[in-house]
Amino acid sequence: MIDNWEKKIEDQFVPTCRVTFVKSTGLSYGGFSYFTIRNVSLHECQRWCRDDTECEAAAFDYSVRPLDGMPETTCTLQNDTTAGKTNVAPKRGSTLTTSPKYTSVQQIIQGQFCNMFLRKCCKFVFSDQLCDRLWTFEWIPNKILRGLDNAIIFTSNRESCLAACLSEVRFVCRSVEFNSVTHECHLSEFDRRSPGANVHLVDSQGVDYLENFCLQSSMVCPGPKHYNYLQVGLSQAAVTSYVQYNYYPDKQIVVNSRQDCLHQCSIEESFVCRSVLFKPDTRPGKALCVLYHLDHTAFPEVRTS
C-alpha cells in the first residue's frame, strides 16, 4: 500500500510533453505542404496544426486588399519542414524601396504582406512554467545579442534550453540563445528591445535567438513602458497605412482615448502587446484601439532610391 502511494506521488512530478510553438516573422521555410485553408484567423491556423499529429509547422500569411480594405489570410500546414535545420537558410521578407516616383501610400504598400511561421515543438516542463499563448518564443535564426548573457548552461537540445528560460528564478529571462553544435544555452534578461547602445542583434551562424513570449505584462519591460511613433524615413501616414494593411491585428477594442488605448496594451495578458494603432472618433467611447504583438522590429527595411 505504501509503495503504491509513493509511486503515485512520484508520477505527479514527472514532466509531461506539451505541444507548443515557436514563431518566426518575415521568414519562410520550405517543406512538404499537405493542407491549405484561406481566410482563417491566426488562432485557427495554430489550432489546425496543434490538433493534427501529422503537422510539423504552419505558415500564416496576412494582408489587406488596398482597393476594398478586406483582409486575406492563408494557412498552410507542413508535415515535413526545413525549419530548424542549420544547413537550410530561410527566405527573407521584403524590403520597402521609396523614390520620388512612388509617394502615395498605396504605392508604398503594394505587394507587401506579413508572413508568420509557426513550428511545432514539445516541451518537457511543468504546466505552471508554460503559458497557453499561441506560441511561447519568437525565433530568429543565426542571430545573437553579444555580451548580454546572465547565465550559460549546456542542454541536450533547444527545447531544454527554452525550458530553462521559463524556469529561471534568479532573473527575468527575456531571451535565450542556443548553439546547435556546442549545445551552449545562453540565458539573458535582455532582448532586442531593451534600452542601451549595445543592445542589437548580430550575425552568428548556427545559433538560434529566441525571445520569451510567456512573459506577463509587468515583466515585458525592465522599467516603465514608453510608447513613441516609428521613425523610418516615411511619413506617419505611410507608416500607419502599412501597419493596418500588413500587421495582423491581435485584438480590437473600443476605447475613450489614446491614453486608454496605450493602457490596454500595457495590461494585456493573452499575448505580449508591443504596439497599438489608435483610430480616434468624435463620438465618446467609439475610438478604435488595435493591439499588435508586432512592432518596429517587424517593419521591413526602408531604402531610398
Side-chain angles (χ1 to χ4, degrees), residues 15 18 20-25 42-43 46 116 118 121 123-140 143-153 155 158-178 185-201 208-228 230 247-251 253 255 259-277 289-298:
R18 290 188 57 188
T20 184
F21 292 83
V22 294
K23 183 192 75 106
S24 289
T25 302
L42 179 58
H43 185 278
Q46 186 260 24
M116 290 174 272
L118 297 166
C121 58
K123 291 183 175 61
F124 289 92
V125 294
F126 294 109
S127 60
D128 61 346
Q129 299 167 349
L130 190 62
C131 64
D132 291 325
R133 294 171 179 171
L134 294 186
W135 57 89
T136 53
F137 282 83
E138 177 85 14
W139 170 35
I140 305 177
K143 295 288 185 180
I144 62 171
L145 285 177
R146 181 171 293 159
L148 296 176
D149 307 318
N150 290 75
I152 300 176
I153 60 176
T155 59
R158 183 176 60 181
E159 280 64 37
S160 297
C161 180
L162 301 184
C165 179
L166 295 174
S167 303
E168 183 56 58
V169 295
R170 296 167 296 175
F171 54 90
V172 177
C173 182
R174 295 186 173 89
S175 69
V176 306
E177 297 158 5
F178 180 72
C185 171
H186 295 217
L187 309 181
S188 177
E189 64 183 300
F190 299 93
D191 61 26
R192 55 188 159 153
R193 300 173 181 85
S194 299
N198 297 322
V199 180
H200 58 273
L201 291 175
D208 286 334
Y209 170 82
L210 302 106
E211 290 178 342
N212 188 353
F213 201 73
C214 280
L215 292 172
Q216 297 178 356
S217 60
S218 60
M219 297 181 178
V220 172
C221 297
K225 297 179 181 179
H226 299 284
Y227 297 88
N228 204 351
L230 178 61
Y247 276 27
Y248 182 79
D250 296 277
K251 190 174 185 178
I253 51 179
V255 295
Q259 192 60 37
D260 188 17
C261 183
L262 297 178
H263 177 67
Q264 293 299 321
C265 182
S266 297
I267 63 174
E268 180 59 48
E269 291 294 354
S270 62
F271 62 94
V272 176
C273 181
R274 299 288 191 184
S275 64
V276 306
L277 180 62
C289 176
V290 188
L291 307 184
Y292 302 92
H293 74 270
L294 299 172
D295 61 3
H296 65 284
T297 61

Rounded to the nearest 0.5 Å, what separation is found between the [atom1] atom of [X] and the [atom2] atom of [Y]?
X: Cys131; Y: Phe137; atom1: SG; atom2: CZ; result: 8.5 Å
X: Ile140; Y: Thr25; atom1: CD1; atom2: OG1; result: 8.0 Å
X: Ile144; Y: Phe178; atom1: CD1; atom2: CZ; result: 15.0 Å

Side chains of [Y] and [X]: any donor to acceptor distance under 3.5 Å?
X: His293; Y: Lys23; answer: yes
X: Tyr227; Y: Ser266; answer: yes
X: Glu138; Y: Ser24; answer: no

Using side-chain heavy atoms (C-beta onward) and a distance below 4.5 Å, is [X] in contact with [Y]?
X: Leu162; Y: Ser160; value: no
X: Lys143; Y: Asp208; value: no
X: Phe271; Y: Asp250; value: yes
X: Met116; Y: Leu118; value: no
X: Asp149; Y: Leu187; value: no
X: Glu177; Y: Leu210; value: no
X: Cys121; Y: Phe21; value: no
X: Leu294; Y: Arg274; value: no

Checking [X] now: which residues fulfil side chain to side chain donor-acceptor pair (under 3.5 Å) with it, not counting sequence neighbours?
X: Asn228; result: none
X: Lys225; result: none
X: Asp191; result: Ser194
X: Ser270; result: Glu268

Shortest non-hydrogen contact from [X] toward [Y]:
X: Asn212; Y: Cys173; value: ND2-O, 3.0 Å
X: Val22; Y: Arg158; value: CG2-NH2, 4.3 Å
X: Arg192; Y: Tyr209; value: N-OH, 3.1 Å

Which residues satisfy the side-chain contact (heavy atoms from CB on, under 4.5 Å) test with [X], sequence neighbours excluded?
X: Leu148; result: Leu145, Ser188, Phe190, Val199
X: Leu277; result: Thr240, Gln244, Lys279, Val290, Tyr292
X: Val172; result: Arg174, Leu215, Met219
X: Leu230; result: Val232, Val239, His296, Phe299

Sequence-distant partners of Cys273, disulfide bond (SG atoms under 2.5 Å apart), two or more places apart: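 So Cys273 forms a disulfide bond (SG atoms under 2.5 Å apart) with Cys265.
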side-chain contact (heavy atoms from CB on, under 4.5 Å) evaluation trace for Asp260 with Leu262: CA-CA 5 Å; Asp260 188 17; Leu262 297 178; over 6 Å; no
Those residues that, when tested against Phe213, pass ring pair (Phe, Tyr, Trp, His ring centres under 6.0 Å) (two or more places apart):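 Phe213 satisfies ring pair (Phe, Tyr, Trp, His ring centres under 6.0 Å) with Trp135 only.
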Salt bridge (Lys or Arg N to Asp or Glu O under 4.0 Å) partners for Arg133, two or more places apart: Glu269
Qualifying residues under salt bridge (Lys or Arg N to Asp or Glu O under 4.0 Å), relative to Arg193, sequence neighbours excluded: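 Residues passing salt bridge (Lys or Arg N to Asp or Glu O under 4.0 Å) with Arg193: Glu211, Asp295.
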Main-chain N/O of Cys261 paired to Gln259 side chain as donor or acceptor, under 3.5 Å: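 Side chain of Gln259 to backbone of Cys261: no pair is present.
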